[in-house]
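Starting off with a structure, shown below.
Keep in mind the model is a prediction, meaning the values are calculated, not measured.
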Amino acid sequence: MRKRFAVALVSLVVASGLYGQELAVSTNLIDYANFATLNVQTGLSVARHWSLDLGMKYNPFTFGKGDGTILQRQQTYSAGARFWPWHVYSGWWMALRAQYQEFCTGGISSRRTSQGDRYGGSLSLGYTYMLSKHLNLELGAGYWGGYEVYKAFNCQHCGVVVDGGEKYFLLPSDLTFAVAYIF
């Protein structure tokens, strides 16, 4: 009898700790306005106030031809956590992430093109509106900074390196207007 009671008590304690195991999948609509950058982020609730996030952005597109070519190519990967003061997937949140980005940018304000790798972390703040039981709208903004290794070219096709090196950076990141589905 004591064994059954102990097993039932342990089962109840374990089950009560698993109440927040929800999965969210979201996409940031603002990234699509950034030269059609494809993106997805997944979140896993691990406690009442915490979720873990994995994200990816990908843009292989080139716009225009010749000297008028514009590119904002990238592949970005991030992993981090969000703190939710009220409860997961509702209300205010603060996110910390580790982030890596491979980029190739040029033609936006001049013919100069730069490419390289960025390593760093980001901090962002936001608010999530619950639209329904399974659908949320997320608004947020943040910055990310770290270390960049790059090469710069006078034009996208010439291949002559005019600058390069390593430097620290601080950039705006995570301007968010996202739609999230909660499972």
Side-chain angles (χ1 to χ4, degrees), residues 1-61 72-103 117-148 169-183:
M1 183 72 162
R2 286 185 182 176
K3 283 185 178 180
R4 289 183 187 168
F5 180 75
V7 168
L9 183 61
V10 168
S11 298
L12 181 63
V13 169
V14 169
S16 68
L18 297 177
Y19 70 92
Q21 301 299 324
E22 295 178 354
L23 179 69
V25 176
S26 65
T27 188
N28 186 1
L29 302 176
I30 292 177
D31 280 339
Y32 293 105
N34 181 17
F35 299 101
T37 301
L38 308 172
N39 68 90
V40 66
Q41 183 168 327
T42 60
L44 176 65
S45 168
V46 293
R48 181 175 181 205
H49 299 288
W50 290 95
S51 65
L52 300 178
D53 296 332
L54 292 174
M56 186 197 87
K57 296 179 183 183
Y58 181 65
N59 187 333
F61 307 115
Q72 181 74 7
R73 293 181 185 167
Q74 67 170 301
Q75 51 182 334
T76 304
Y77 306 97
S78 64
R82 280 191 187 184
F83 174 73
W84 305 78
W86 189 39
H87 65 79
V88 175
Y89 305 130
S90 180
W92 293 101
W93 51 264
M94 179 178 75
L96 290 169
R97 289 187 193 93
Q99 198 161 303
Y100 165 77
Q101 180 182 61
E102 180 182 11
F103 67 95
D117 299 295
R118 293 182 179 128
Y119 311 87
S122 70
L123 170 66
S124 55
L125 303 169
Y127 191 84
T128 297
Y129 294 96
M130 295 173 58
L131 301 176
S132 69
K133 182 178 178 181
H134 295 287
L135 195 62
N136 286 355
L137 180 65
E138 297 180 352
L139 304 171
Y143 281 93
W144 82 294
Y147 196 67
E148 177 179 313
F169 71 91
L170 182 64
L171 297 170
S173 176
D174 299 329
L175 188 56
T176 305
F177 184 81
V179 176
Y181 186 82
I182 312 300
F183 291 91

Point-to-point distance, once rounded to the nearest 0.5 Å, from CG of L139 to OG1 of T176: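 These two atoms lie 8.5 Å from each other.
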Shortest non-hydrogen contact from S51 toward Y89: CB-OH, 4.3 Å
Distance in Å, R82 CZ paired with L44 CG, rounded so as to fall on 0.5 Å steps: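 Spacing of CZ (R82) from CG (L44) equals 13.0 Å.
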Gap between atom CD of Q74 and atom CZ of F61 - 0.5 Å precision: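 Atom-to-atom, F61:CZ and Q74:CD are 11.5 Å apart.
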Atom OH of Y32: over 12 foreign heavy atoms under 6.0 Å: yes
Among V88, L23, L52, the one residue meeting side chain to side chain contact (heavy atoms under 4.5 Å, CB included) with S45: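 Running side chain to side chain contact (heavy atoms under 4.5 Å, CB included) over V88, L23, L52 with S45 returns exactly one hit, V88.
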Close side-chain approach of D31 and K57, heavy atoms under 4.5 Å: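 SC-SC contact between D31 and K57 confirmed.
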Nearest heavy atoms of K133 and I182, plus distance in Å: O-CB, 4.4 Å
Side chain proximity check, E138 to Q41, heavy atoms < 4.5 angstrom: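 No, too far: nothing below the 4.5 Å cut-off.
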Ring centers of F83, W50 separated by less than 6.0 Å: yes
Atom pair OH/CG of Y129 and L135 - distance to nearest 0.5 Å: 14.5 Å
Exceeds 12 heavy-atom contacts within 6.0 angstrom, atom CZ of F169: yes
Rounded distance [0.5 Å steps], CZ in R118 versus OH in Y100: 11.0 Å
Reported CG-to-CD distance for the pair L38 and Q75, which is rounded to 0.5 angstrom: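 Here the interatomic distance stands at 12.0 Å.
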Identified side-chain hydrogen bond (donor to acceptor under 3.5 Å, both in side chains) counterpart of N39 within the set T27, T76, N28, N59: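 Considering T27, T76, N28, N59, a side-chain hydrogen bond (donor to acceptor under 3.5 Å, both in side chains) with N39 is found only for T27.
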Any F177 side-chain heavy atom under 4.5 Å of L137 side chain: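 SC-SC contact between F177 and L137 confirmed.
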Neighbour count above 12 (heavy atom, 6.0 Å) for Y58 OH: no
Closest heavy-atom pair and its distance - S122, Q99: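 Here S122 and Q99 meet closest at OG-OE1, 3.7 Å.
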Heavy-atom donor-acceptor pair, H134 side chain to Y181 backbone, under 3.5 Å: no
Among L96, L175, D174, side chain to side chain contact (heavy atoms under 4.5 Å, CB included) partner for S124: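 Only one option passes, and that is D174.
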Atom of S173, atom of W144 and distance for their closest heavy-atom approach: CB-CD1, 3.2 Å
